[in-house]
Each structure stands twice: as C-alpha cells, then as structure tokens.
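Numbered from 1 within each chain, the chains take letters A, B, ... in sequence-line order. Just so it is clear, the model here is predicted, and its values are computed rather than measured.
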Protein chains: 2
Amino acid sequence: MKRIVILYGLALAVLVFLLKYLEYRLIVHDLSIEFYIGLVALFFTGLGIWAGLKLTRKQVVIMGPDFLLNEAELNRLGISKREHDVLELMAKGLSNKEIADKLFVSLNTVKTHSSNLFLKLEVSRRTQAVQRGKELRLIP
Amino acid sequence: MKRIVILYGLALAVLVFLLKYLEYRLIVHDLSIEFYIGLVALFFTGLGIWAGLKLTRKQVVIMGPDFLLNEAELNRLGISKREHDVLELMAKGLSNKEIADKLFVSLNTVKTHSSNLFLKLEVSRRTQAVQRGKELRLIP
DNA sequence: ATTCAAATCACCCTTTCGGGTGAAGGAATT
DNA sequence: AATTCCTTCACCCGAAAGGGTGATTTGAAT
C-alpha cells in the first residue's frame, strides 16, 4: 500500500521532469499538448489498473485455501475434542469402524461420540452432521 | 468491455476539449502544465482502477454464490437424471425414505438409484458420494 | 474429598444402508 | 424388430448406523 503510493508520487514526478526537460530542449516541442495528455492518460490508466488489482487481489486469494475453525461455536455447543475428531473423520466419508481404527478406540466408543455429537448438532444422521459442521465452520 | 473502451475514448476527448477551451479563454492559463498533468493522472488513475476492477470482478464474484454444474463429468460417468436427483437430496442429508417421498417413488427405487450411483462414483457410502459429488461439481 | 465432564466401552434393539438379483414398462437408437 | 438405457419396483440378506441405558476411569475444578 505504502509502496504503491510512493510509486505513484515518483511516477508523477518523473513524468513532469521529463516533460519539462523536453519542453526546454525543444526537441519535440511541436507535438501538441493533446499528445502529452494522451500519453499521461494511457500511462496512468495502466498504472491504475495495476494498482487496483494489486490492492484487491488479496480479497480474492484468501477465499481459497484458508480455513479458520470456529471455536466460539464449538464451545457454545459444548462439543468435545473427541467428538470433533469423529466429526472430521465422518466428513471424510469414513465409517464408524474406520473411525474407530483411526482413533484407536472401540466401535462402541465412536458410536457414543457420534450419538452425543448428533444431539449437540441437533441432527439425526451423519450426512446432516457433516452438512451442519461445514455450515458452522467446525470442519473445512 | 466495448462500453469501457468507448468511455475511455470519450473521457479523453472531453478532457482535451476542456483543456483547449480553458487555454483559449485564458481563464486559468497561469496554472502550470504540471497541474494539468496531475489532474489528468489522477483522473485516469481512478478510471484505470475502476476499469481494472470492472473487468476482473467476475473472477471474484463467481467464487461465492454461483454454481456451475459439471455436465461433462456427469456424462462421462454416465449418471442419469434420476441418479443425480438422488445425489442432490443425499447431499442435503435426507434418508432414502425421505428421498423416496420427495421424488414420489418407492424406497426400493431410491435404493436402486443410489446403488448405481455408488458404482458410477466408485464409492461405497453416501457420505463419500456426497464428497465426490462436490469435488466433481455435480452438486453445489 | 467431592463433584463433574470427558472418554472409554458394553449390550440391547430398531432403523437405515448397501449389495445382489430379478423383472417389467417405456423411450430412444440402430 | 431388436437392442439398449432409464426408470420403476420387489425381495432377501448382511452390514452399518442410530437410540437408549449403564458402567468405569481419569483428570480437572470446587
């Protein structure tokens, strides 16, 4: 941002000096003022486009790869660490058995966690839980 | 696009005429050429920023609310209309029975569709089907 | 020390899902 | 006319998921 403003100042100064120099040297004095204006307009249009994109590109990029976990919602619903783990693996399409293996616990434990999770998320199916989890940004 | 180019031409023309007018009227002739250049630079910088954003805004906007169905992939996998319907409702977290009611068909029909769907998507669970469907942009 | 939440697991039972097979009607293509 | 695909539905069976209850352990807070 600061760099862009400075660049603008510099560009303007350089342009003015250049024009003054040419004016005094009388090299291209016969060229009309309209020509200079056209040049300046063209140059600053390009600079404007570039600056505009530069200044707003971040808003485009950050929409893609980043995910910020909504811990506030997580606490509000009272979802525990383990329950959150289960939800994450659910969202990856794993079965309860596969989740159990991945977390090194028994199938029954996963079922308990998922049951409690469904209560807290106010859903009754794992697909709904995943949906809701994404809505509330509990999972990517 | 065309409108923007025309607008540019007009802006330039108007500006030149304005300057010429002022020059002959000698109203503000004592103002230096640098002042004019500064004005022009400022104006076209703004115009440039606006044009740049206008021309690229679409790339920003489409990331948000709109969804374009990937029909190519749909055809490649040979997924039929009905199967796609089932997938959509699955993604909303509905059970097979609920899907059956919504589509006015029997539960068995939905099961047939979902089975065929799983084969075509190469998955074995509805959560995975939903995942895959979103990846391939078959569903929003 | 007691209370409490989290995590772990078990057992029961019902519902839902998924896989396999078969079949019938209709539309489109060859 | 024959073929192919879509859609619809049925039945069976086993696996997975979900609901309910109860129990143990552990660590943290009161």
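- Residues B:Leu69 and B:Leu89 share a hydrophobic cluster, clusters being chains of Ile/Leu/Val/Met/Phe/Trp/Tyr side chains in contact below 4.5 Å.
- The side-chain contact (heavy atoms from CB on, under 4.5 Å) search around A:Thr127 returns A:Arg125, B:Arg126, B:Thr127, not counting sequence neighbours.
- By the side-chain contact (heavy atoms from CB on, under 4.5 Å) test, A:Arg76 pairs with A:Glu73, sequence neighbours left out.
- In this structure, the separation between NZ on A:Lys134 and CD on A:Gln131 is 10.0 Å, given to the nearest 0.5 Å.
- Taking CG of B:Leu77 as the reference point, atom CG of B:Asn70 lies at 9.0 Å (rounded to 0.5 Å).
- One distance of note links NZ of A:Lys97 with CG of A:Leu94; it measures 12.0 Å at 0.5 Å rounding.
- Between the P atom of D:dA17 and the CD atom of B:Gln128 lies a distance of 10 Å, rounded to the nearest Å.
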- Message: Please encode protein proximity along nucleotides 24-30 of chain D as a string of B, S and -, counting only heavy-atom distances under 4.0 Å.
- Response: -------
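- End-to-end axis angle of the helix from C:dA1-D:dT30 to C:dT30-D:dA1, using five pairs per end and rounding to 10°, comes to 40°.
- Counting 5' to 3', DNA chain C first comes under 4.0 angstrom of a heavy atom of chain B and last does so at the ends given by C:dC17 to C:dG19.
- Each of B:Lys120 and A:Ser124 has a nearest nucleotide on DNA chain D; the 5'-most of these lies closest to B:Lys120.
- Using modelled atom types, no side-chain atom of B:Arg132 and backbone atom of B:Val123 make a donor-acceptor pair closer than 3.5 Å.
- Not a single salt bridge (charged side-chain N to carboxylate O under 4.0 Å, His left out) links A:Lys92 to another residue, sequence neighbours left out.
- Going from atom CG of A:Asp101 over to atom CG of A:Asn96 covers 11.0 Å, rounded to the nearest 0.5 Å.
- For the pair A:Leu136 and A:Leu74, the minimum side-chain heavy-atom distance is 4.5 Å or more.
- Every residue meeting the side-chain contact (heavy atoms from CB on, under 4.5 Å) condition with A:Ser124, not counting sequence neighbours, appears here in chain and number order: A:Gln128.
- At whole-Å resolution of the value, NE2 in A:His113 and P in D:dG18 are 15 Å apart.
- Annotation: side chain to side chain donor-acceptor pair (under 3.5 Å) contacts involving residues 112-123 of chain A, sequence neighbours excluded, comprise A:Glu83-A:Lys120.
- Residues B:Val130 and A:Val130 fail the side-chain proximity criterion, which asks for heavy atoms closer than 4.5 Å.
- Of the residues in residues 129-140 of chain A, none lies under 4.0 Å from DNA chain C by heavy-atom distance.
- For A:Glu88, the side-chain contact (heavy atoms from CB on, under 4.5 Å) test picks out A:His84, A:Asp85, A:Ile139, with sequence neighbours left out.
- Residues from residues 71-93 of chain A lying near DNA chain D, meaning a heavy-atom separation below 4.0 Å, are absent.
- Looking only at distances, a side-chain donor or acceptor of A:Arg82 sits under 3.5 Å from a matching main-chain atom of A:Leu103.
- Side-chain contact between A:Ile79 and A:Leu121 is present, with at least one heavy-atom pair separated by less than 4.5 Å.
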Enumerate all atom pairs, one protein N or O and one N or O from nucleotides 10-16 of chain D, separated by less than 3.5 Å.
{"unit_1": "D:dA10", "atom_1": "OP2", "unit_2": "B:Asn108", "atom_2": "ND2", "d": "3.4"}

